[in-house]
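What you see below is based on every heavy atom in this structure, not just the backbone, and it leaves out hydrogens, waters and symmetry mates.
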Amino acid sequence: MTHEHLVFGVTIDQIDQLDGLLRTITANGDMVTVGCGEPLHPQTVSSLGEGIFNAAIAVREVLDQVQEQRL
């Protein structure tokens with residue numbers, strides 16, 4: 001049996017941030033994928049893509065913080 005040791009911790013606030021950011025990424029991705037009855041305006045697609053990108057960068061920042069939080 002392998003025993004894995006915990007290396008870093010995560011706060012409840014960080015989990016909440018990650019949850020909200022992942023919901024943003026998912027919602028924007030759903031809109032790009034599913035859209036509506038008519039094609040999306042190019043500016044709308046660009047805005048949704050920017051939202052996905054910004055949320056992904058924010059996820060990376062939170063994960064970088066978590067990585068630095070040694071137990």
Side-chain angles (χ1 to χ4, degrees):
M1 186 166 121
T2 304
H3 290 74
E4 295 184 31
H5 297 281
L6 300 176
V7 179
F8 52 84
V10 61
T11 67
I12 297 297
D13 287 341
Q14 288 168 326
I15 290 172
D16 287 343
Q17 281 181 295
L18 291 171
D19 180 60
L21 291 165
L22 290 173
R23 289 177 186 273
T24 297
I25 292 168
T26 302
N28 287 346
D30 285 349
M31 188 62 192
V32 170
T33 302
V34 176
C36 54
E38 297 179 22
L40 296 174
H41 187 277
Q43 191 172 11
T44 301
V45 174
S46 178
S47 295
L48 290 169
E50 183 179 7
I52 292 168
F53 179 80
N54 290 338
I57 293 295
V59 167
R60 180 75 265 158
E61 290 171 359
V62 173
L63 292 177
D64 287 345
Q65 291 172 1
V66 168
Q67 185 177 8
E68 294 175 10
Q69 295 170 181
R70 301 289 173 194
L71 293 176

Review point. How far does CD1 of Ile25 sit from CG of Leu18, to the nearest 0.5 angstrom?
Key: 9.5 Å
**Study point:** Shared hydrophobic cluster, Val59 / Phe53 (ILVMFWY, side-chain heavy atoms < 4.5 Å)
**Key:** no
Review point. Got a second to check how far Thr11's OG1 is from Gln65's CD, nearest 0.5 Å?
Key: 8.0 Å
Exercise for review: Have a look at Asn28 and tell me which of Leu48, Thr33, Asn54 forms a side chain to side chain contact (heavy atoms under 4.5 Å, CB included) with it.
Suggested key: Leu48
Review point. If you count the non-hydrogen atoms of other residues, nucleotides and ligands that lie under 6.0 Å from CZ in Arg23, is the total more than 12?
Key: no
Exercise for review: Look up atom OG in Ser47 and atom NE2 in His41, then write down how far apart they are to the nearest 0.5 Å.
Suggested key: 10.0 Å
Study note, to complete from the structure: Of all heavy-atom pairs linking Val10 and Gln69, the shortest is CA-NE2, 4.0 Å
Practice item. To the nearest 0.5 Å, tell me how far Glu61 CD sits from Ile57 CD1. Key: 7.0 Å
Practice item. Check Phe8 against Gln67 and note the closest heavy-atom contact, atom names and distance. Key: CB-O, 4.2 Å
Practice item. Determine, using the 4.5 Å side-chain heavy-atom cutoff (strictly less than), whether Leu63 and Ile52 are members of one ILVMFWY cluster. Key: yes
